[in-house]
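Reckoned from all heavy atoms, side chains included, excluding hydrogens, waters and symmetry mates.
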Amino acid sequence: AFSSAYIQFNDKDGETGTPNGNLPDGVFGEDTRLEFCCREDGFTREPLLDFPNLKNVVLFRTEQSSQCQHIEGMRAAEQEMTYDNYELGSSVDGTSEGPRPFVTVSAGSKYSIKICHYEKLNFRCGGSITLSSIK
């Protein structure tokens with residue numbers, strides 16, 4: 001079963017960014033709050049067979065997984081999203097239940113979230129090949 005969760009970053013006071021592009025669910029105001037649903041009942045090496053695979057998608061990696069979940073018909077690439085947390089240690093919140101994304105902290109109060117970017121596999125080669133015998 002899925003459970004709801006979030007992670008929130010303390011943005012610098014008075015410097016609210018302008019969200020644009022394709023954004024995850026969340027609140028983008030004085031602080032940045034990413035909202036998501038999670039589950040931890042499978043194994044990353046066992047492919048998700050019933051997952052929609054017609055469009056590109058991004059999934060958060062959990063702290064418990066060492067690799068991206070395999071999704072049938074898609075190719076995964078591990079990437080990172082990095083956020084500033086203005087006051088180090090002040091506000092990295094998550095729900096008290098359920099998994100959180102895999103987050104690392106680096107110097108300068110930067111938080112990186114491990115994500116898996118999935119692209120649909122395309123098996124068409126784009127043309128036909130004619131073979132002839134060579135004598």
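In this structure, Ile115 and Glu80 approach most closely via the heavy-atom pair CG1-N, 4.2 Å. Between Asn53 and Gly73, the shortest heavy-atom contact is ND2-CA, 3.8 Å.
Under the rule for a ring-ring contact (aromatic ring centres under 6.0 Å, His included), the partners of Phe60 that lie at least two apart in sequence or sit in another chain are Phe36. The salt bridge (charged side-chain N to carboxylate O under 4.0 Å, His left out) search around Glu35 returns Arg33, not counting sequence neighbours. Residues forming a side chain to side chain donor-acceptor pair (under 3.5 Å) with Gln79 (at least two apart in sequence, or on another chain): none.
Contact of the Met74 side chain with the Glu119 side chain is not registered, since no non-hydrogen atoms from C-beta on lie closer than 4.5 Å. For the pair Lys114/Glu78, a side-chain contact is recorded, criterion being any heavy-atom separation below 4.5 Å from C-beta on. The side-chain heavy atoms of Ile113 and Thr82, taken from C-beta on, include no pair separated by under 4.5 Å.
The only option from His70, Arg75, Gln69 that meets the side-chain contact (heavy atoms from CB on, under 4.5 Å) definition with Tyr118 turns out to be Gln69.
Between Tyr6 atom OH and Thr32 atom OG1 the span is 14.0 Å, to the nearest 0.5 Å. Rounded to the nearest 0.5 Å, atoms SG (Cys68) and CZ (Arg61) are 6.5 Å apart.
A chain of hydrophobic side-chain contacts below 4.5 Å, direct or via other Ile, Leu, Val, Met, Phe, Trp or Tyr residues, connects Ile7 to Val58.
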Would you check, one step at a time, whether the test side-chain contact (heavy atoms from CB on, under 4.5 Å) holds for Met81 with Leu34? CA-CA 11 Å; Met81 294 187 320; Leu34 303 175; 3.9 Å; yes
